Colleague: 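Structure incoming, see below.
Keep in mind it's a predicted model, so treat the numbers as computed, not measured. FYI, the numbering just counts along the sequence from 1. Remember, it's 1-based here, ligands and their atoms both numbered in the order they're listed.
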Amino acid sequence: MADSNAKMTQATPQEVIISVVAGLFAPLLAIFLIVQLVLGIQQEHKPDTTSDAAQKAMLARIKPVAQLAALDANTPKVEKSGQEVYDAVCFSCHTPGALGAPKFENKGDWAGRLGQGYDTLIKHAIEGIRQMPARGGDGDLSDTEVARAVAYMANAAGASFKAPEAAAPAAAAGATASAKPDPAKGKAVYDANCAACHATGVAGAPKPGDKAAWSARLGQGYAGLYDNALNGIRGMPAKGGNADLPDADLANAVAYLFTEAGGKL
Ligand code: HEC
Ligand code: HEC
C-alpha cells in the first residue's frame, strides 16, 4: 500500500504546475466563451428605445401593469370634472354634432332641450335617448360624472345648472385630511404658490377678497373650487403649476381664497 502511494506522488513540481494550470484553464475558457455568447445575444436584442414606434410598443407593454396600479383598491376613485368627462367621452359626438347631437356651445341646438330641466337632461344622458347612448357609451362613468358633464355642456349653452360637488377632499384624502381645510394655514401656502398670479390678477386670476371677481365662482362651493384648483381650469394651472404641492396645502390655500371672498366653509 505504502508503495503505490509513493508512486502516485512522484510527479515533478513542473508537472504539478502544468496540470493545475491546464485543469483551471479549460473551465475558464469555457466560461469566457459563454459570457461572450450571452453578451453578443444581448447586444442584438437590446431594445431600441429611441424610435417613436419602440416607445409606443414599450408603453403598450407596461400599460396593463400601469392600469392595475391605477385600479388599486386602496386608491379612492377620483371623479372627473364635467369638462374632463366631456373632453374624454362626449366631445366625439357633441363637438361635431354627430348623429344630430346638440353641438357644444350652440345655443340654438340646446335651447329647446334646456327647458326640460337639469334632472331630465341628466336622466336622458344616464339612460340614453334615441341616438344618444347611455352615459355617452362609457359605462364606467358615475352618475355624478355624467351629471357634471351635462352641467358643463348645458352651462356652455347658456344654462346655469349647479353640478354636483365632489366629496369634500378631506373625506377622500383619508387620515391627514380628516381636519377641515384651514384658511389661516392657507395664507402662507397662498403667498408662496398662488400670489404670483392671484395678487396681481395675471391672466384674469381673481384677486383675494375681490368680491366681484369671486361672486360667480363662489356658487361652485368650496369643493367645486378645490376641484378646479386641483385639476386646473382655463388660465388656472393644476395646483397653481406646482405639482408637488400637497393636497392638504392646496385645500388650505383654496379655503383661504374662498373665505376671503366671503364664502362659508
Ligand atoms: C355616440 C354619440 C354621442 C356621445 C358619445 C354622447 N352623446 Fe349626448 N347626444 C347624442 C345625440 C345623437 C343626442 C340627441 C338625441 C336626440 O334628442 O335625438 C344627444 C343628446 C344629449 C343630451 C340632450 C338630451 C335631451 O334630453 O335633450 C344630453 C344632455 C347629452 N347628450 C349628454 C351627453 C353626455 C353628458 C355625454 C358624455 C358623457 C354624451 N352626451 C355623449 C349623441 C352622443
Ligand atoms: C399661473 C398663474 C396662477 C397661479 C400660480 C395660480 N392661479 Fe389660480 N387662477 C389663475 C387664473 C388665470 C384663474 C382664473 C381662471 C378662469 O376662471 O378663467 C384662476 C382661478 C382660480 C380659482 C377659481 C377657480 C374657479 O373655479 O373659478 C381658484 C380657487 C384658484 N385659482 C386657486 C389657486 C390656488 C389655491 C393657487 C395656488 C396653489 C393658484 N390658484 C395659483 C391663475 C393662477
Side-chain angles (χ1 to χ4, degrees), residues 80-104 109-142 145-154 157 159 161 181 186 189-208 213-242 245-247 249-258 260-261 263:
K80 295 195 192 72
S81 72
Q83 184 179 355
E84 286 170 335
V85 173
Y86 179 83
D87 289 346
V89 180
C90 322
F91 83 98
S92 59
C93 294
H94 284 271
T95 297
L99 307 171
K103 283 195 206 163
F104 190 68
D109 281 4
W110 281 95
R113 300 177 188 272
L114 295 182
Q116 304 176 91
Y118 188 32
D119 290 345
T120 306
L121 289 172
I122 294 174
K123 184 168 184 284
H124 290 167
I126 289 177
E127 294 173 357
I129 180 170
R130 292 177 289 268
Q131 300 274 62
M132 160 74 200
R135 295 175 201 272
D138 182 347
D140 289 341
L141 292 178
S142 70
E145 287 174 322
V146 174
R148 284 181 185 165
V150 171
Y152 175 71
M153 295 163 76
F161 299 141
V189 181
Y190 166 84
D191 286 341
N193 295 281
C194 324
C197 296
H198 281 271
T200 51
V202 166
K207 296 188 200 173
W214 282 99
S215 63
R217 302 175 193 272
L218 290 183
Q220 305 173 82
Y222 163 78
L225 291 175
Y226 172 81
D227 236 24
N228 290 341
L230 179 67
N231 301 312
I233 180 168
R234 296 177 293 266
M236 165 70 198
K239 291 193 161 189
N242 178 2
L245 189 66
D247 290 356
D249 284 359
L250 181 70
N252 291 341
V254 173
Y256 166 73
L257 286 168
F258 181 66
E260 283 293 295

Colleague: Ala196 near ligand 2, heavy-atom distance under 4.0 Å?
Modeller: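 Outside the 4.0 Å threshold, so no.
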Colleague: Near Gln220, which atoms of ligand 2 are under 4.0 Å from a heavy atom of that residue?
Modeller: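 Matching atoms, with element in brackets: 25 (C), 26 (O), 27 (O).
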Colleague: How far is atom 32 (C) of ligand 2 from the closest protein heavy atom, and which atom is that?
Modeller: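 It is Leu257 CD1, 3.6 Å.
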Colleague: Can you tell me the protein heavy atom closest to atom 5 (C) of ligand 1 and the distance?
Modeller: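 Result: Gly136 O, 3.4 Å.
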Colleague: Evaluate the side-chain proximity of Leu245 to Val189: yes if any heavy-atom separation is below 4.5 Å, no if none is.
Modeller: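 Yes, side chains in contact.
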Colleague: At what distance is the nearest protein heavy atom to atom 22 (C) of ligand 2, and which residue and atom is it?
Modeller: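 Checking every protein heavy atom, the shortest distance to atom 22 (C) of ligand 2 gives Trp214 CH2, 3.9 Å.
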Colleague: Under a 4.0 angstrom heavy-atom cut-off, which atoms of ligand 1 come close to Ser92?
Modeller: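 Every atom of ligand 1 under 4.0 Å from some heavy atom of Ser92: 5 (C).
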Colleague: Using heavy-atom distances, let me know which of Leu121, Val89, Leu99, Val85 sits nearest atom 12 (C) of ligand 1.
Modeller: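 Among Leu121, Val89, Leu99, Val85, the closest heavy atom to atom 12 (C) of ligand 1 belongs to Leu99.
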Colleague: Report yes or no: does His94 have an N/O/S atom closer than 2.8 Å to atom 8 (Fe) of ligand 1?
Modeller: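 An N, O or S atom of His94 is closer than 2.8 Å to atom 8 (Fe) of ligand 1, so yes.
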Colleague: Can you list the ligand 1 atoms lying under 4.0 Å from a non-hydrogen atom of Leu141?
Modeller: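 So the atoms of ligand 1 that pass are 38 (C).
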Colleague: Got the closest protein heavy atom to atom 26 (O) of ligand 1, with its distance?
Modeller: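 Closest protein heavy atom to atom 26 (O) of ligand 1: His124 ND1, 2.4 Å.
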Colleague: With ring pair (Phe, Tyr, Trp, His ring centres under 6.0 Å) as the test, would you mind laying out the steps for Phe161 and Tyr152 before giving the verdict?
Modeller: CA-CA 8 Å; Phe161 299 141; Tyr152 175 71; over 10 Å; no
Colleague: Return yes or no for this condition: an N or O of Lys239 is under 3.5 Å from an N or O of ligand 2.
Modeller: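 In fact, backbone or side chain, Lys239 has no N or O that close.
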Colleague: Would you say Arg234 has any N or O atom under 3.5 Å from an N or O of ligand 2, going by distance alone?
Modeller: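 Yes.
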Colleague: Please determine whether any non-hydrogen atom of Gly137 lies less than 4.0 Å from an atom of ligand 1.
Modeller: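 The answer is no: ligand 1 sits nowhere under 4.0 Å from a heavy atom of Gly137.
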Colleague: Does a side-chain heavy-atom distance below 4.5 Å link Leu121 with Leu114?
Modeller: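 Sidechains of Leu114 and Leu121: in contact.
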Colleague: Among all protein heavy atoms in this structure, tell me which lies nearest to atom 38 (C) of ligand 1, with the distance rounded to 0.1 Å.
Modeller: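 I find the closest protein heavy atom is Cys90 SG, 2.7 Å.
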Colleague: Determine whether a donor-acceptor pair (N or O, by modelled atom type, separation under 3.5 Å) exists between the side chain of Glu127 and the backbone of His124.
Modeller: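 Not a single qualifying donor-acceptor pair exists.
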Colleague: Give the numbers and elements of all ligand 2 atoms closer than 4.0 Å to a heavy atom of Ala253.
Modeller: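 Numbered from 1, ligand 2 contributes 35 (C).
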Colleague: For ligand 1, which atoms, with element, lie under 4.0 Å from some heavy atom of Ile129?
Modeller: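 Selected atoms, number and element: 15 (C).
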Colleague: Yes or no: does Glu145 have any heavy atom under 4.0 Å from an atom of ligand 1?
Modeller: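 Heavy atoms of Glu145 never come under 4.0 Å of ligand 1.
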Colleague: Work out which heavy atom in His198 is nearest to a heavy atom in Pro206; give both atom names and the distance.
Modeller: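 The answer is ND1-O, 2.7 Å.
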Colleague: Could you check whether any side-chain heavy atom of Leu257 comes within less than 4.5 Å of a side-chain heavy atom of Leu225, counting everything from C-beta outward?
Modeller: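 Result no, sub-4.5 Å side-chain heavy-atom pair not found.
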Colleague: Using a 4.0 Å cut-off to any heavy atom of Pro133, which atoms of ligand 1 qualify?
Modeller: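 What qualifies from ligand 1 is 1 (C), 3 (C), 43 (C).
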Colleague: Among all protein heavy atoms, pick the one closest to atom 17 (O) of ligand 2 and tell me residue, atom and distance.
Modeller: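 The closest one turns out to be Arg217 NH1, 2.7 Å.
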Colleague: Stepwise, does the side-chain contact (heavy atoms from CB on, under 4.5 Å) test hold for Arg135 with Val89?
Modeller: CA-CA 9 Å; Arg135 295 175 201 272; Val89 180; over 6 Å; no
Colleague: Closest approach of Trp110 and His94, non-hydrogen atoms and distance?
Modeller: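 That closest heavy-atom pairing would be CZ2-ND1, 4.1 Å.
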Colleague: Examine the proximity of ligand 2 to Leu245 and report which part, side chain or backbone, both or neither, has a heavy atom under 4.0 Å away.
Modeller: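 For Leu245, only side-chain atoms sit under 4.0 Å from ligand 2.
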Colleague: Tell me, with the steps shown, if Asn228 and Gln220 meet side-chain contact (heavy atoms from CB on, under 4.5 Å).
Modeller: CA-CA 10 Å; Asn228 290 341; Gln220 305 173 82; 2.7 Å; yes
Colleague: Could you tell me the residue and atom name of the protein heavy atom closest to atom 41 (C) of ligand 2, and the distance to it rounded to 0.1 Å?
Modeller: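 The answer is Gly240 CA, 3.5 Å.
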Colleague: Using non-hydrogen atoms of the residue, decide whether Pro237 is closer than 4.0 angstrom to ligand 2.
Modeller: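 So Pro237 counts as touching ligand 2.
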Colleague: How close does the nearest protein non-hydrogen atom get to atom 2 (C) of ligand 2, and which residue and atom is it?
Modeller: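 Protein heavy atom at minimum distance: Cys197 SG, 1.8 Å.
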Colleague: Between ligand 1 and Arg113, is the shortest N or O to N or O distance under 3.5 Å?
Modeller: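 In this structure, Arg113 places an N or O atom under 3.5 Å from an N or O of ligand 1.
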Colleague: In the protein, what heavy atom is nearest to atom 25 (C) of ligand 1, and what distance, to one decimal place, separates them?
Modeller: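 Protein heavy atom at minimum distance: Gln116 NE2, 3.3 Å.
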Colleague: Give the single entry among Tyr86, Tyr118, Trp110 that approaches atom 28 (C) of ligand 1 most closely by any heavy atom.
Modeller: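 Heavy atom nearest to atom 28 (C) of ligand 1 belongs to Trp110.
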Colleague: Can an N, O or S atom be found in His198 less than 2.8 Å away from atom 8 (Fe) of ligand 2?
Modeller: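 Checking atom 8 (Fe) of ligand 2 against His198, an N, O or S atom does fall under 2.8 Å.
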Colleague: Taking the side chain as everything from C-beta on, heavy atoms only, tell me whether Tyr226 gets closer than 4.5 Å to Leu230.
Modeller: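 SC-SC contact between Tyr226 and Leu230 confirmed.
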Colleague: Report the nearest protein non-hydrogen atom to atom 18 (O) of ligand 1: residue, atom name, distance rounded to 0.1 Å.
Modeller: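 Going by distance alone, atom 18 (O) of ligand 1 is nearest to Arg130 NE, 2.8 Å.
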Colleague: Could you identify the single nearest non-hydrogen protein atom to atom 15 (C) of ligand 2 and state the distance to 0.1 Å?
Modeller: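 Sorting protein heavy atoms by distance from atom 15 (C) of ligand 2 puts Ile233 O, 3.8 Å first.
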Colleague: Nearest to atom 36 (C) of ligand 2, what protein heavy atom do you find, and at what distance?
Modeller: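 Here the nearest protein heavy atom works out to Cys194 SG, 2.7 Å.
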Colleague: Number the atoms of ligand 1 from 1 as they appear, then name those within less than 4.0 Å of a heavy atom of Cys93, with their elements.
Modeller: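 Result: 1 (C), 2 (C), 3 (C), 4 (C), 5 (C), 42 (C), 43 (C).
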Colleague: Select the closest option to atom 14 (C) of ligand 2 among Gly235, Gly232, Pro206, Ala213, judged by heavy-atom distance.
Modeller: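 Residue with the shortest heavy-atom distance to the ligand atom: Pro206.
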Colleague: Can you list the atoms of ligand 1 that are under 4.0 Å from a heavy atom of Ala149?
Modeller: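 Counting atoms of ligand 1 from 1, those under 4.0 Å from Ala149 are 35 (C).
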Colleague: Would you say Asn228 has any N or O atom under 3.5 Å from an N or O of ligand 2, going by distance alone?
Modeller: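 Indeed, backbone or side chain, Asn228 has an N or O that close.
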Colleague: Measure the distance from atom 19 (C) of ligand 2 to every protein heavy atom, then report the residue, atom name and distance (to 0.1 Å) of the closest one.
Modeller: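 Residue, atom and distance for the closest contact: Met236 CB, 3.3 Å.
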Colleague: Does Ser81 form a side chain to side chain donor-acceptor pair (under 3.5 Å) with Tyr86? I'd like the steps, not just the answer.
Modeller: CA-CA 9 Å; Ser81 72; Tyr86 179 83; over 6 Å; no
Colleague: List the atom of Gln131, the atom of Pro133, and the distance in Å for their closest heavy-atom pair.
Modeller: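 That closest heavy-atom pairing would be O-CD, 3.2 Å.
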Colleague: Look at atom 39 (C) of ligand 1 and say which protein heavy atom is nearest, naming residue and atom and giving the distance to 0.1 Å.
Modeller: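 Checking every protein heavy atom, the shortest distance to atom 39 (C) of ligand 1 gives Met132 CE, 3.2 Å.
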